[in-house]
Amino acid sequence: MSRSILVLHGPNLNLLGVREPRHYGRDTLDDINQRLAEQAKAAGFALTALQSNAEHVLIERIHQCLDDGTGFILINPAAFTHTSVALRDALAAVKVPFIEVHLSNVHAREPFRQHSYFSDLALGVICGLGSHGYELALAHALRHLSQQP
Ligand SMILES: O=C(O)[C@]1(O)C=C(c2cccc(Sc3ccccc3)c2)[C@@H](O)[C@H](O)C1
């Protein structure tokens, strides 16, 4: 059974907590990552988090899952949600189960945010619950991995 979870954050999420609290809350990415790491550790799992503004960095980190035993991915692709077939293809290629997370309710926002290149491949999608959405996704990932042989 894999005991490793990867959390990926897309472009501009490094700005969290600074501006746009109406859509994205006041937690910083460090706040979110710290809470997730604590929760994973308490359950006996390892968690790695990466934020990048570069599509190829996220893609190459996903490719690494072919060799590093990652058992589950939580991903907030941010703006790449609506644009990146390449990032979608990377997830499809490695076949690691993933949950798509969005801080905001993208379905209540601009039309361009209401299409995702990831949702049909995802195990599930959580949006509009702020940073709690990441924690809910992690709880599911831990349960999923705990049920694996
Ligand atoms: O709701 C999300 O988590 C989302 O994935 C996140 C996004 C996102 C991510 C980071 C930054 C911004 S805009 C921003 C700019 C400055 C400070 C805070 C946010 C949007 C959007 O591009 C997506 O449409 C929706």
Side-chain angles (χ1 to χ4, degrees), residues 2 4-41 43 45-142 144-145:
S2 168
S4 176
I5 297 162
L6 174 63
V7 183
L8 295 175
H9 308 284
N12 298 304
L13 282 164
N14 52 299
L15 299 175
L16 280 189
V18 176
R19 293 169 49 204
E20 298 274 344
R22 181 166 66 96
H23 287 304
Y24 304 109
R26 298 189 183 283
D27 282 338
T28 66
L29 208 56
D30 284 347
D31 294 334
I32 293 170
N33 288 337
Q34 187 173 340
R35 270 205 300 275
L36 295 177
E38 287 166 359
Q39 290 165 16
K41 183 178 181 182
F45 287 77
L47 184 137
T48 303
L50 170 69
Q51 185 278 328
S52 181
N53 298 321
E55 187 181 44
H56 76 279
V57 169
L58 296 169
I59 287 168
E60 287 163 7
R61 184 60 186 86
I62 290 168
H63 290 172
Q64 206 175 307
C65 293
L66 290 170
D67 305 316
D68 68 3
T70 297
F72 209 98
I73 296 172
L74 311 184
I75 183 168
N76 182 343
F80 290 154
T81 305
H82 321 296
T83 64
S84 183
V85 175
L87 196 53
R88 171 197 169 93
D89 288 348
L91 287 164
V94 303
K95 295 184 173 50
V96 174
F98 72 92
I99 291 175
E100 178 184 348
V101 181
H102 297 288
L103 294 157
S104 68
N105 180 356
V106 291
H107 301 293
R109 300 183 64 193
E110 306 93 329
F112 72 85
R113 298 191 196 274
Q114 297 172 33
H115 173 263
S116 166
Y117 280 105
F118 301 83
S119 298
D120 62 309
L121 295 180
L123 200 61
V125 181
I126 299 175
C127 68
L129 302 181
S131 58
H132 192 220
Y134 282 97
E135 294 178 50
L136 293 170
L138 177 61
H140 188 85
L142 295 172
H144 177 94
L145 292 176

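Just so it is clear, the values below take in all heavy atoms, side chains as well, and ignore hydrogens, waters and symmetry mates.
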Participant: Quick one: pull up CZ in R61 and CG in L8 and give me the separation to the nearest 0.5 Å.
Facilitator: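 The CZ atom of R61 sits 7.0 Å away from the CG atom of L8.
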
Participant: Which heavy-atom pair separates S2 from F45 by the least distance, and what is that distance?
Facilitator: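 Answer, listing the atom of S2 first, then F45: O-CE2, 3.7 Å.
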
Participant: Using a 4.5 Å cut-off on heavy atoms from C-beta on, say whether the side chain of D27 contacts that of R35.
Facilitator: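 Side-chain contact under 4.5 Å: yes.
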
Participant: How many angstroms lie between OH in Y134 and CG in L74, if you round to the nearest 0.5 Å?
Facilitator: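 The OH atom of Y134 sits 8.5 Å away from the CG atom of L74.
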
Participant: By the definition side-chain contact (heavy atoms from CB on, under 4.5 Å), identify the one residue from I59, N53, L58 that meets it with E55.
Facilitator: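 It is I59; the other options fail the test.
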
Participant: Output the distance between atom CG (D89) and atom CG (L91), rounded to the nearest 0.5 Å.
Facilitator: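 Those atoms lie 9.0 Å apart.
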
Participant: Measure the spacing between OG of S52 and CG of L13 and express it to the nearest 0.5 Å.
Facilitator: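 Here the rounded value is 11.0 Å.
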
Participant: Taking N105 for the side chain and C127 for the main chain, is one N or O donor matched with an acceptor at less than 3.5 Å?
Facilitator: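 Pair absent, no side-chain N/O of N105 close to backbone of C127.
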
Participant: Can you tell me how far apart CD1 (I126) and CD (E135) are? Round to the nearest 0.5 Å.
Facilitator: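 If I round to the nearest 0.5 Å, the distance is 10.5 Å.
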
Participant: Can you see which heavy atom on G69 is nearest to which on S4, and at what distance?
Facilitator: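 Taking every non-hydrogen atom into account, O-CB, 4.2 Å.
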
Participant: What class does the angle between the rings of H144 and H140 fall in, given that below 30° is parallel, 30 to 60° is tilted and above 60° is perpendicular?
Facilitator: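 Aromatic pair H144/H140 classed tilted.
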
Participant: About how many Å separate CZ of F118 and CG of N76, when rounded to the nearest 0.5 Å?
Facilitator: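 Result: 10.0 Å between the selected atoms.
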
Participant: Please give me the minimum heavy-atom distance between P11 and Q51, naming the atom from each residue.
Facilitator: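 Minimum heavy-atom contact is CA-NE2, 4.0 Å.
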
Participant: Is there a side-chain contact (heavy atoms from CB on, under 4.5 Å) between L142 and I5 once you walk through the steps?
Facilitator: CA-CA 9 Å; L142 295 172; I5 297 162; 3.5 Å; yes

Participant: Quick one: closest heavy-atom pair of C65 and L6, and the distance?
Facilitator: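 Looking at all heavy atoms of both residues, the closest pair is SG-CD2, 3.7 Å.
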
Participant: For atom CZ of R26, is the number of surrounding heavy atoms from other residues, nucleotides or ligands below 6.0 Å larger than 12?
Facilitator: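 At most 12 heavy atoms, drawn from other residues, nucleotides or ligands, come within 6.0 Å of this atom.
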
Participant: Side chains of D68 and T70: is there a donor and an acceptor less than 3.5 Å apart?
Facilitator: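 The criterion, which ignores hydrogens and geometry beyond distance, is satisfied for T70 and D68.
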
Participant: Using only atom types and a distance under 3.5 Å, with no angle test, would you say the side chain of T81 pairs donor to acceptor with the backbone of S116?
Facilitator: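 Judged by distance alone, no pair lies under 3.5 Å.
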
Participant: Please confirm whether the backbone N or O of H115 pairs with a side-chain atom of H82, one donor and one acceptor, at under 3.5 Å?
Facilitator: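 Yes.
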
Participant: Donor-acceptor pair, distance only, cut-off 3.5 Å: does the side chain of D31 make one with the backbone of T28?
Facilitator: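 Confirmed, D31 side chain pairs with T28 backbone.
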
Participant: Applying ring pair (Phe, Tyr, Trp, His ring centres under 6.0 Å), name anything that partners H102, two or more places apart in sequence or on another chain.
Facilitator: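 Testing H102 for ring pair (Phe, Tyr, Trp, His ring centres under 6.0 Å), a comparison that skips the adjacent residues, returns none.
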
Participant: Contact between V7 and V101 at the side-chain level, heavy atoms closer than 4.5 Å - yes or no?
Facilitator: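 Heavy-atom side-chain distance check fails, nothing below 4.5 Å.
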
Participant: Considering all heavy atoms of both residues, which atom of Q114 and which atom of R109 are nearest to each other, and what is their separation?
Facilitator: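 Reported closest heavy-atom pair: NE2-O, 2.6 Å.
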
